[in-house]
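Small disclaimer: the values here were computed from a predicted structure and weren't measured. Proteins get letters first, then strands, A, B, ... in listed order; numbering begins at 1 in each.
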There are 2 protein chains.
Amino acid sequence: MVHEQLISAAVEDYAKAIYELEVRDGRARTSALADRISVTPASASQMVKRLAELGLVSYSRYRGARLTEKGRRLALEVIRHHRLLELFLVEEFGMSWDQVHAEAEALEHVLSEQVEERIAARLGEPVVDPHGDPIPTVTLEIEECATRGLESLEPGERGVFTRVSDSEPAMLRFLAERGIAPGDRLEVVDKQPFDGPVFVRFSGAVEVLGGGLARAMRVRLDPER
Amino acid sequence: MVHEQLISAAVEDYAKAIYELEVRDGRARTSALADRISVTPASASQMVKRLAELGLVSYSRYRGARLTEKGRRLALEVIRHHRLLELFLVEEFGMSWDQVHAEAEALEHVLSEQVEERIAARLGEPVVDPHGDPIPTVTLEIEECATRGLESLEPGERGVFTRVSDSEPAMLRFLAERGIAPGDRLEVVDKQPFDGPVFVRFSGAVEVLGGGLARAMRVRLDPER
DNA sequence: TCCATAAGTTAGCTGAAACTAAATAATGTC
DNA sequence: GACATTATTTAGTTTCAGCTAACTTATGGA
Ligand SMILES: [Mn+2]
Ligand SMILES: [Mn+2]
Ligand SMILES: [Mn+2]
Ligand SMILES: [Mn+2]
């Protein structure tokens, strides 16, 4: 009857998802969470209660959850694992950036601190993953720099394509085929209404990007002059 | 209602353990299995029944289990993962041979065929792991060559130290400290009764090895002349 | 052959984490 | 401010994989 206090893979995935929703929306609401984890809202609701019992989140019924400091540390630990693994698979094994997310999703829960350390050392303590997402440091510092969804830019606005959702292989393949990658400078030249395509210039060539794709791409705007 | 036929990590561990017991004893009896997996005999008994439902073992009550062809393939798949991972961690990350078993025990269930392939390629399709255990090929061939426990050799017998149980870090550290490794030639020079120590010559030096250690070490005997 | 002991099985229970269906709270519109 | 709609929670089940306690079978001496 040892009340094992084991943190399961499921709990880790919830912590990670809550972290990401909190960055985006300031809190994690039940259905957004359910959506992200691919589970019914009922299940997510139950699990949030469990995370609260474990001291990982605070929440009040009907108004979403927020990570505690302990929960935040857990989330960042898992995110560090995930992003290091993605980068490792790309750099060392030459896997493509649309495959590595799924691999990392499973390996992240099973990576020891020992092996994490070796991977980080081998990669030279990297700070961003293949999708442009920042990798938390060993001490779990992270800077989430402010970005805007590409779909929200107006014609004339410029910036750097910084990161892209790692969970849609098809989108990633589409971008790779056109040679578009995080770090690229861009300028929006035109945009059609009703979630229509965006016309974007990347070092010369203008690309037409559909609404869904544009929403998955984050841009760091050039500072106003 | 797709009858998902998901093979869990627990089921994989049972298949692997049954395989190893079958090699040693010809079949896997409930308590040996329970012992190896560190569960109660009641639990092992239940799980053997489940494996049977999954078509992985055949068994008759009270007389142990044997893998079906399907079960054997599953076991060898997991063993391939395990041993490739151990070797990878030793070769690429410089981890010591007493640490890698625990790491591999968890990673083995989560390694995709893709990544398995890359690891095997990187290591040059290796055939033995750091403990001298054979690695099944991609097509799951394995040759389990006949060995004897070092404790069973009589003074005067010679052979090659071939493999050692990977699950006892302390023993592995002990051997490493003395520079004893799989592949070493040896000759038993003396042996004390009652599970007592064995005196073994390795390239010059004679080592005194306790009964427990000797039992964990497997030797391929020189052919009789 | 009988029986004590060891080995194995069954029954019943637990906790995780999912589900469906039903109930309840929050919200936005008129 | 009432109420329809949407979001969230609760209640009740399910499956997996473990446990203990009680029971059953196998086995090896005497
Ligand atoms: Mn995951
Ligand atoms: Mn990523
Ligand atoms: Mn395992
Ligand atoms: Mn091994």
Side-chain angles (χ1 to χ4, degrees), chain A residues 1-18 21-22 24-66 71 74 78 105-106 109-110, chain B residues 1-18 21-22 24-66 71 74 78 105-106 109-110:
Chain A
M1 203 97 313
V2 197
H3 216 328
E4 251 301 331
Q5 195 65 331
L6 216 198
I7 301 292
S8 65
V11 167
E12 290 186 351
D13 278 335
Y14 276 92
K16 191 167 56 134
I18 292 169
L21 289 171
E22 231 180 304
R24 210 189 57 188
D25 305 336
R27 62 179 165 168
R29 308 206 47 164
T30 299
S31 359
L33 193 50
D35 224 67
R36 186 163 280 245
I37 306 218
S38 295
V39 100
T40 61
S43 302
S45 189
Q46 283 296 105
M47 277 302 273
V48 165
K49 211 188 286 180
R50 285 209 56 231
L51 288 243
E53 275 159 22
L54 293 170
L56 298 170
V57 304
S58 65
Y59 82 110
S60 47
R61 276 156 74 253
Y62 292 100
R63 45 196 27 132
R66 235 174 279 266
L74 175 62
V78 178
E105 199 58 49
H109 306 290
V110 137
Chain B
M1 201 95 311
V2 196
H3 216 330
E4 248 304 330
Q5 194 65 334
L6 216 200
I7 301 293
S8 65
V11 167
E12 291 186 351
D13 278 335
Y14 276 93
K16 189 167 58 136
I18 293 168
L21 289 171
E22 231 181 302
R24 208 189 58 187
D25 305 338
R27 61 180 166 168
R29 310 207 44 164
T30 299
S31 2
L33 194 50
D35 224 68
R36 186 163 280 244
I37 306 218
S38 298
V39 298
T40 61
S43 301
S45 190
Q46 284 295 106
M47 276 302 272
V48 165
K49 211 187 287 178
R50 285 210 53 228
L51 288 244
E53 275 158 22
L54 293 170
L56 299 171
V57 305
S58 64
Y59 81 110
S60 46
R61 275 155 76 255
Y62 295 99
R63 44 196 28 131
R66 234 174 282 265
L74 176 62
V78 179
E105 199 57 49
H109 306 291
V110 136

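Between A/Ile37 and B/Gly64, the residue whose closest nucleotide on DNA chain C is further toward the 5' end is B/Gly64.
The nearest whole Å value for the distance from the CE atom in B/Met47 to the P atom in D/dC19 is 11 Å. For the pair B/Arg63 CZ and C/dA6 C1', the computed distance is 15 Å after rounding to whole Å. Per the geometry, CG belonging to B/Leu51 stands 12 Å off P belonging to D/dC16, to the nearest Å. Rounded to whole angstrom, the span from the CD atom of B/Glu53 across to the C1' atom of D/dT15 amounts to 12 Å. Between B/Leu6 atom CG and C/dA18 atom C1' there is a gap of 13 Å when expressed in whole angstrom units. Atom-to-atom, CG of A/Asp25 to C1' of D/dA7 comes out at 15 Å; the value is rounded to the nearest Å. Atoms CD1 (A/Ile7) and P (C/dA16) sit 11 Å apart, rounded to a whole Å. One can place CG of A/Asp13 at 17 Å from P of C/dA16, the figure rounded to the nearest angstrom.
In this structure, CD on A/Gln46 lies 9.5 Å from OG1 on A/Thr40, to the nearest 0.5 angstrom. A distance of 11.0 Å separates CG of A/Asp13 from CD1 of A/Ile18, quoted to the nearest 0.5 Å. One finds the CE atom of A/Met47 at 10.5 Å from the CD atom of A/Glu53 (value rounded to the nearest 0.5 Å). Note that CD1 of A/Ile7 is 7.5 Å distant from CD of A/Glu12, once rounded to the nearest 0.5 Å. B/Leu33 CG to B/Arg27 CZ: the interatomic distance, rounded to the nearest 0.5 Å, is 13.0 Å.
For B/Ser8, the listed nucleotide lying nearest its side chain is D/dC16; candidates were C/dA18, D/dC16, D/dA26.
By the salt bridge (Lys or Arg N to Asp or Glu O under 4.0 Å) test, A/Glu105 is found to be paired with A/Lys16, residues two or more places apart in sequence or in another chain being considered.
Under the 3.5 Å distance criterion, the side-chain polar atoms of A/Arg66 are matched with a main-chain donor or acceptor of A/Gly26.
In terms of phosphate contacts, A/Thr40 brings a side-chain nitrogen or oxygen within less than 4.0 Å of OP1 or OP2 of C/dC19. Within the structure, every side-chain polar atom (N or O) of B/Tyr62 is placed at least 4.0 Å from both OP1 and OP2 of C/dA6. Residue B/Tyr14 places at least one side-chain N or O closer than 4.0 Å to OP1 or OP2 of D/dG18.
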What protein N or O atoms touch nucleotides 10-14 of chain D N or O atoms at under 3.5 angstrom, if any, and at what distances?
| residue | atom | partner | partner atom | Å |
| --- | --- | --- | --- | --- |
| D/dT10 | OP1 | A/Arg61 | NE | 3.3 |
| D/dT10 | OP2 | A/Lys49 | NZ | 2.9 |

